[in-house]
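Please read the structure below before turning to the comments.
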Amino acid sequence: MMSFRLQIILVVILLTALAVIIAMLKKRTLDLKYVLVWLFCLVVLLVFSIFPGTMTKLARFIGIYSPVNMIFFLGFLLAVTIIFTLTVSLSRTTGKVRKLAQMMALENDTWEKETKAAETKAAETGAGVNADHEQAHEELHLQ
């Protein structure tokens with residue numbers, strides 16, 4: 001069984017962590033989609049800290065005979081959940097970065113072709129390159 005002093009210390013630590021996470025969320029240091037998993041973990045830990053008997057009951061219900069093993073099991077599940085969430089986020093971000101890089105490469109290629117065409121046209125007509133270059137650049141951004 002957990003001592004009352006340890007319960008108080010755990011609750012204070014968890015509430016402090018909760019306040020820090022909420023403050024970071026308000027400052028937009030963290031996105032809500034990443035914070036939800038951490039908030040869930042904190043709430044679960046807070047419930048088990050305030051009501052330590054629930055850990056023993058849950059362990060027996062699942063078939064784990066020692067509450068300490070249940071703590072390790074829950075820690076493992078929470079860690080796997082956080083890792084999975086971050087992996088999904090990383091995969092989405094990687095796809096967005098790849099798409100953005102491809103779009104920029106296509107835009108750069110189009111811009112280079114239009115610049116070369118403007119230079120060729122200017123060389124043939126003897127007109128200034130800067131006016132054609134600026135016009136080609138504006139047309140590219142209007143598309």
Side-chain angles (χ1 to χ4, degrees), residues 2 5-143:
M2 190 182 316
R5 181 181 290 169
L6 180 60
Q7 264 184 298
I8 297 296
I9 291 170
L10 285 174
V11 168
V12 167
I13 289 171
L14 292 172
L15 289 176
T16 303
L18 186 63
V20 168
I21 288 176
I22 290 173
M24 291 177 79
L25 185 61
K26 284 184 179 180
K27 291 180 184 177
R28 306 236 184 240
T29 306
L30 295 173
D31 287 337
L32 181 63
K33 59 185 173 184
Y34 305 120
V35 172
L36 290 176
V37 175
W38 288 105
L39 290 176
F40 174 74
C41 293
L42 282 174
V43 168
V44 168
L45 291 174
L46 195 60
V47 167
F48 287 136
S49 296
I50 295 172
F51 307 108
T54 57
M55 177 69 74
T56 306
K57 290 177 185 176
L58 183 62
R60 286 185 184 149
F61 177 76
I62 293 176
I64 299 173
Y65 295 104
S66 173
V68 174
N69 290 340
M70 183 64 186
I71 291 171
F72 285 118
F73 178 68
L74 282 178
F76 173 75
L77 287 180
L78 294 176
V80 167
T81 302
I82 290 169
I83 290 169
F84 179 74
T85 303
L86 292 175
T87 302
V88 169
S89 174
L90 180 64
S91 296
R92 288 181 182 162
T93 303
T94 302
K96 288 178 182 179
V97 168
R98 184 182 315 114
K99 185 176 180 179
L100 181 61
Q102 290 171 350
M103 289 173 53
M104 287 185 66
L106 288 173
E107 184 175 328
N108 190 30
D109 186 49
T110 304
W111 181 75
E112 286 178 1
K113 286 180 182 177
E114 289 181 359
T115 302
K116 286 180 184 178
E119 288 174 355
T120 305
K121 182 179 175 184
E124 290 174 359
T125 61
V129 176
N130 287 337
D132 290 336
H133 173 72
E134 289 177 11
Q135 182 182 4
H137 193 62
E138 286 178 19
E139 290 174 1
L140 176 66
H141 285 289
L142 290 176
Q143 294 174 356

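Closest heavy-atom contact between P67 and A59: CA-CB, 4.5 Å.
Residue S66 holds its OG atom at 14.0 Å from CZ of F73, rounded to the nearest 0.5 Å. We find the CZ-CG distance between F40 and L78 to be 6.5 Å, quoted to the nearest 0.5 Å. With rounding to the nearest 0.5 angstrom, the CD1 atom of I21 is 10.5 Å from the CG atom of L36. Between the OG1 atom of T16 and the CG atom of L42 there is a distance of 10.5 Å, given to the nearest 0.5 Å. We find the CD-OG1 distance between E112 and T110 to be 9.5 Å, quoted to the nearest 0.5 Å. Note that CG of L18 is 4.0 Å distant from CD1 of I22, once rounded to the nearest 0.5 Å.
Between S49 and Q7 the shortest side-chain heavy-atom distance does not fall below 4.5 Å. Using a 4.5 Å heavy-atom threshold, the side chains of L74 and M55 count as touching. Here the side chains of W38 and L30 are not in contact, with every heavy-atom distance at 4.5 Å or above. With contacts defined as side-chain heavy-atom distances shorter than 4.5 Å, the pair T94/R98 qualifies. Side-chain contact between L90 and L86 is absent, with no heavy-atom pair separated by less than 4.5 Å. In this structure, the side chains of N69 and Y65 stay at 4.5 Å or more apart for every pair of heavy atoms. Between E107 and M103, the closest side-chain pair of non-hydrogen atoms is not below 4.5 Å.
Here the side chain of S89 pairs no donor or acceptor atom with the backbone of T85 at under 3.5 angstrom.
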- prompt: Which is it for I64 and L58 under the side-chain contact (heavy atoms from CB on, under 4.5 Å) test, yes or no, and what are the steps along the way?
  reply: CA-CA 8 Å; I64 299 173; L58 183 62; over 6 Å; no
side-chain contact (heavy atoms from CB on, under 4.5 Å) between I71 and F48, worked out: CA-CA 10 Å; I71 291 171; F48 287 136; over 6 Å; no
- prompt: Where do L100 and K96 land on the side-chain contact (heavy atoms from CB on, under 4.5 Å) test, with the steps shown first?
  reply: CA-CA 6 Å; L100 181 61; K96 288 178 182 179; over 6 Å; no
field: Worked check of side-chain contact (heavy atoms from CB on, under 4.5 Å) between T81 and F84
entry: CA-CA 5 Å; T81 302; F84 179 74; 5.9 Å; no
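For the side chain to side chain contact (heavy atoms under 4.5 Å, CB included) with I50, the qualifying choice from L45, V11, L14 is V11, the only one to do so.
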